[in-house]
Structures are given as structure tokens and as C-alpha cells.
Amino acid sequence: PALSIPQADPRAGIVLTLDVSRSMMATDIRPNRFNAAREALIAFVEGLPEGTRVGLVTFARYATTVVPLTDDHDSVIRAVNYLQMDFGTAIGSGIEESLRVLPTLEEREESGDDPQRLATMVLLSDGRSVIGADPLEATEEAVKQKVTIHTIGVGSITDGPVPGLPPRYQYAARFDEETLRAIADRTGGEYHFVDSATDLKRTYEQISRSLVFSTRFDEVSAGAALISAIFLMSSLALSQWRRQVL
């Protein structure tokens with residue numbers, strides 16, 4: 001018998017693009033949006049097959065490459081734990097910076113595989129872009145580079161007050177669902193609306209399952225034989241016990 005096991009494609013890259021604006025302090029998602037997002041990111045990275053190349057980009061008033069593509073998942077998790085919030089929301093700049101982190105289109109085309117299959121961005125935002133590059137223009141560059149962008153809108157889409165935030169952050173804390181949906185649709189990705197920590201983790205898990213990994217088949221004859229032996233010994237022991245009782 002053999003077991004199918006997902007394994008990383010060394011040619012592929014995944015970038016986690018995270019909004020770290022001050023509106024992430026909102027407590028409509030417990031304990032707050034920021035900490036819920038960090039926990040979900042860590043769970044996502046921990047669930048990736050060994051050897052998967054993943055990078056981390058954050059954006060507030062500007063975008064920053066925190067971790068370039070690496071298969072050292074522990075380094076990404078450490079970086080997530082040390083993230084800090086800042087002012088502003090520059091979604092377009094976050095997309096542009098993430099494109100610089102991913103493998104180039106030329107590199108992916110040389111592989112002979114579908115280049116879009118080898119470049120994925122997972123972008124989370126809780127607000128609307130107020131500074132930096134235009135998000136939809138940056139999206140068009142992603143289309144040219146054949147990059148899939150999955151987007152996650154986290155928080156509130158109502159007009160009511162957002163808990164845990166001072167008045168000056170209220171407008172920025174209501175994310176632009178139309179733009180996030182357009183980014184995903186234009187690049188062949190999926191848009192997700194999330195309003196709880198549980199849903200956020202589930203969303204990252206769902207995205208992880210949608211990513212294409214190669215598979216290998218590991219022989220499990222030894223394990224199967226061991227399990228069979230355990231059942232056989234248990235059966236013999238039970239038979240012996242029943243004889244003694246009778």
C-alpha cells in the first residue's frame with residue numbers, strides 16, 4: 001500500500017500580504033483583528049508542506065518585504081509574531097511589493113508549467129486604500145505577471161461604529177469590499193469576507209487546500225503490516241481469554 005502526500009513545488013512561491021494599519025486594533029474580531037490575523041497566518045504557514053517557499057509583505061502607509069521567499073517556515077512565523085501596526089492603508093503598494101517578492105514571470109515560464117500556477121498572493125485588509133499606488137492599477141500588473149491574488153476582507157461592512165477604535169479610525173476601518181472582490185476576480189483568485197477569528201482561520205485553511213502542490217507516494221507496507229500484527233495479536237489474546245472464561 002502507498003499513501004499520497006502533498007509536497008512543495010520548488011519553483012512556486014506564495015506571498016502573504018497583510019494590512020497592518022491602525023484600524024486592525026478593532027475588537028469586532030476577538031481579541032482584535034490584528035492578533036486574530038497573526039494567529040491565522042501562523043496556522044496557515046504551519047500547515048504548508050515542508051519545502052514550500054513563502055514570503056511575508058506588510059502594508060500600512062507603505063509596503064515592506066518582511067520576509068523574502070523562503071522555505072524556512074519558522075523564520076516566517078517568528079516575523080509574524082514581531083509585527084507591529086502603523087498608520088495608513090496602501091493596498092496597491094502592498095500588491096506591487098508582493099509582485100517583486102514572487103518568482104518573475106520569465107522564471108516561471110522557463111519551467112514549462114503554467115506560470116500562474118506557480119505564483120500566489122494572499123492579501124488581507126480591513127480597510128480601504130487611502131495612500132500609495134492605485135489598487136486596481138497594481139492588479140492589472142499582477143494580471144500581466146500572471147499572478148493569482150486571493151483577497152480577504154476582515155471586520156465590518158456596516159455603517160455603525162466599529163468597537164475598539166477612536167473616531168478618527170472609523171472610516172478607514174470599513175473595508176472596501178468592492179475593490180477586494182475586483183482584485184480577486186481579475187486575477188482568477190477568490191474573495192472571502194470574514195467577521196470572526198474562527199472564520200479567518202478556516203478561510204486560510206480553505207485557501208491552502210486550493211493551492212496546487214505536487215504529490216509523492218510513500219510506501220506504507222511496514223505500517224500496514226504493524227497494524228495487521230496488532231490486530232492479529234489482539235484477536236489471539238481475546239480468543240485465549242474467552243477459552244479461559246468458558
Side-chain angles (χ1 to χ4, degrees), residues 15-42 44 55-68 76 79-102 121-142 145 147 149-184 186-187 189 191-195 197 200 203-204:
V15 174
L16 303 174
T17 310
L18 180 66
D19 184 343
V20 293
S21 59
R22 289 282 181 176
S23 57
M24 292 285 282
M25 294 185 298
T27 56
D28 51 354
I29 293 181
R30 296 292 181 179
N32 58 44
R33 297 175 181 178
F34 184 63
N35 285 325
R38 292 200 298 183
E39 291 174 7
L41 283 177
I42 289 172
F44 176 86
L56 177 64
V57 169
T58 60
F59 63 92
R61 54 187 163 182
Y62 53 83
T64 302
T65 296
V66 180
V67 182
V76 179
V80 170
N81 281 321
Y82 282 107
L83 291 178
Q84 300 293 324
M85 288 176 281
D86 203 348
F87 296 98
T89 304
I91 295 175
S93 299
I95 293 173
E96 290 182 340
E97 185 68 18
S98 298
L99 291 175
R100 286 189 278 269
V101 172
L102 286 165
M121 190 186 311
V122 184
L123 185 150
L124 180 148
S125 179
D126 77 327
R128 57 191 65 237
S129 200
V130 296
I131 195 171
D134 181 271
L136 297 182
E137 290 181 3
T139 299
E140 288 308 308
E141 183 58 32
Q145 294 295 320
V147 172
I149 305 178
H150 300 291
T151 57
I152 302 172
V154 58
S156 302
I157 56 175
T158 66
D159 293 329
V162 179
L165 291 179
R168 66 181 182 276
Y169 294 143
Q170 290 292 323
Y171 173 77
R174 296 186 181 91
F175 64 87
D176 185 351
E177 187 172 38
E178 182 179 348
T179 295
L180 293 179
R181 189 184 299 277
I183 292 169
R186 188 73 183 90
T187 61
Y191 164 72
H192 303 266
F193 164 64
V194 172
D195 59 1
L200 186 54
T203 295
Y204 274 105

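Scope of the values below: all heavy atoms of this structure, side chains included, with no hydrogens, waters or symmetry mates. The model shown is predicted, which means the values in this text are computed figures rather than measured ones.
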Using a 4.5 Å cut-off on heavy atoms from C-beta on, say whether the side chain of [Y] contacts that of [X].
X	Y	value
Phe34	Met85	yes
Glu97	Thr65	yes
Leu99	Met121	yes
Thr187	Val147	no
Asp19	Phe59	yes
Thr179	Arg128	no
Val80	Val67	no
Ser98	Leu123	no

Option from Thr151, Ile183, Asp134, Thr17 for which side-chain contact (heavy atoms from CB on, under 4.5 Å) with Ile95 holds:
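Single side-chain contact (heavy atoms from CB on, under 4.5 Å) partner of Ile95 among Thr151, Ile183, Asp134, Thr17: Ile183.
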
Could you check Met24, Arg33, His192 and say which one makes a side-chain contact (heavy atoms from CB on, under 4.5 Å) with Leu124?
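Per the side-chain contact (heavy atoms from CB on, under 4.5 Å) rule, the option paired with Leu124 is Met24, out of Met24, Arg33, His192.
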
Could you tell me whether the side chain of [X] and the main chain of [Y] form a donor-acceptor pair under 3.5 Å?
X	Y	result
Thr64	Val66	no
Ser129	Ile91	yes
Arg22	Phe87	no

Test of understanding: with side-chain contact (heavy atoms from CB on, under 4.5 Å), list the residues that count as partners of [X], not counting sequence neighbours.
X	value
Gln170	Pro161, Val162, Leu165, Arg174
Phe193	Ile157, Phe175, Glu177, Tyr191, Asp195
Glu96	Arg100, Ala133, Ala138

Separation between [atom1] of [X] and [atom2] of [Y], rounded to the nearest 0.5 Å:
X	Y	atom1	atom2	value
Asp126	Ile29	CG	CD1	8.5 Å
Asp176	Ser125	CG	OG	8.5 Å
Leu200	Glu39	CG	CD	9.5 Å

Are more than 12 heavy atoms from other residues, nucleotides or ligands located less than 6.0 Å from atom CZ of Arg61?
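More than 12 heavy atoms, drawn from other residues, nucleotides or ligands, come within 6.0 Å of this atom.
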
Heavy-atom count around Glu178 CD within 6.0 Å, excluding the residue itself: above 12?
no

Evaluate the side chain to side chain contact (heavy atoms under 4.5 Å, CB included) criterion for residues Leu41 and Val76: first the C-alpha distance (whole Å), next the side-chain angles of each, then the deciding distance (0.1 Å), finally the verdict.
CA-CA 9 Å; Leu41 283 177; Val76 179; over 6 Å; no

Give me the atom names and distance for the closest heavy-atom approach of [X] to [Y].
X	Y	value
Pro31	Ala36	CD-N, 4.5 Å
Val57	Val101	CG2-CG2, 3.9 Å
Leu18	Ala37	CD1-CB, 4.0 Å
Gly88	Ser21	O-CB, 3.0 Å

